[in-house]
Every structure is written in C-alpha cells, then in structure tokens.
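Worksheet: the structure to be examined is printed underneath.
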Amino acid sequence: QQQQQQRRFLEAAQNATATFLAPLVQAMVLEAYTNLWPPCYAQGTAPHCFNASKWMSEFGQNIMAGLQAAGPSVAQHTNVSNSDLLWKVNEVLPHDYLPVVYNSCPSRQPR
C-alpha cells in the first residue's frame, strides 16, 4: 500500500515537472541547444542531434528581413526560404558560407 502511494506521488511529480518544463524544452529544441542534444553538423540527421536551428528557419530569417515590421500585406507576398546548418567555428573561416540573396522582384523593391 505504501509503495503504491509513493509510486503515485513520484509519477505525479514527474508529470508535473514535465508539464512545467515543456515550454523550456521546446525553446531549447527550437534554438538547437547543444547541451540538450549534440550537433550533427553536416553529417545528416540522427534521431537525437541537431543539424540546424528551427528558430532561425521559422522566425529569425523573417525578423531579419523586416517582414514583421513591414506588416501583413508585405509578409503575405514574401517568401523567405532558409537552408541552415550548424558549423564548427574553426571550419567557417575563410567565410565560404556567406548568405546568398535571390530577389525575383523586377524593380528590386518589395511588391
């Protein structure tokens, strides 16, 4: 009887902790927090490693492009696609991985 009560208490505490920490864990997954899972770098995708930051693809690129500040009329006609990878800092230099911007607007101005 006492063991069952202790088990129920521990299960309830575990569930409460998981519920409380869920937003924090989601944020860590979005930013590719490498103390949660190791980076894959460019070696493919394993079940428990990060090859890119989902936050950059889903939010960061749009923020840096100014789409949130430009308003919904510009954002709905603009597509930002991102191909992002985690890289070791010692492999980044001599800057071979600079971004490339493609613009299909004829006047080079937002539509």
Side-chain angles (χ1 to χ4, degrees):
Q1 180 74 12
Q2 187 178 9
Q3 285 181 341
Q4 288 177 345
Q5 287 177 332
Q6 289 174 342
R7 173 175 261 172
R8 282 195 297 266
F9 173 78
L10 289 175
E11 287 174 354
Q14 183 180 13
N15 291 337
T17 301
T19 300
F20 181 76
L21 292 177
L24 183 60
V25 172
Q26 279 182 315
M28 289 180 191
V29 170
L30 272 176
E31 74 167 16
Y33 182 61
T34 58
N35 286 325
L36 182 63
W37 292 333
C40 301
Y41 298 117
Q43 300 169 3
T45 56
H48 294 292
C49 71
F50 294 116
N51 65 349
S53 166
K54 291 181 183 179
W55 189 89
M56 283 306 293
S57 297
E58 294 177 17
F59 304 104
Q61 295 295 330
N62 290 333
I63 291 169
M64 290 189 294
L67 295 182
Q68 290 182 330
S73 62
V74 173
Q76 72 183 7
H77 297 293
T78 306
N79 179 29
V80 176
S81 76
N82 178 40
S83 178
D84 196 18
L85 290 172
L86 297 177
W87 292 96
K88 296 178 184 178
V89 173
N90 63 345
E91 293 179 4
V92 173
L93 297 175
H95 306 294
D96 292 337
Y97 308 106
L98 294 175
V100 177
V101 177
Y102 299 102
N103 186 347
S104 61
C105 298
S107 65
R108 297 288 224 201
Q109 297 295 321
R111 293 182 187 175

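All values reported here derive from a predicted model rather than from experimental measurement.
- No continuous path of ILVMFWY side-chain contacts below 4.5 Å connects Leu30 to Met28, so the two sit in separate hydrophobic clusters.
- For the residue pair Ala52 and Ala32, the shortest heavy atom distance occurs at O-CB, 3.6 Å.
- The minimum heavy-atom distance between Pro39 and Cys49, with the atom names listed, is C-CB, 4.2 Å.
- There is a path of hydrophobic side-chain contacts, each under 4.5 Å, that joins Val29 to Leu21.
- To the nearest 0.5 Å, atoms CE (Met64) and CD (Gln61) are separated by 4.0 Å.
- Between the CD atom of Glu31 and the CZ atom of Phe59 there is a distance of 13.0 Å, given to the nearest 0.5 Å.
- Within 6.0 Å of CD on Gln5 lie more than 12 heavy atoms contributed by other residues, nucleotides or ligands.
- A distance of 11.0 Å separates CD of Gln4 from CD of Gln2, quoted to the nearest 0.5 Å.
- Environment of CD in Gln14: sparse, with no more than 12 heavy atoms of neighbouring residues, nucleotides or ligands closer than 6.0 Å.
- Side-chain atoms of Trp55 and Ile63, non-hydrogen and from C-beta on, do get closer than 4.5 Å to each other.
- With hydrophobic clusters built from ILVMFWY side chains whose heavy atoms lie under 4.5 angstrom apart, Leu10 does not share a cluster with Phe20.
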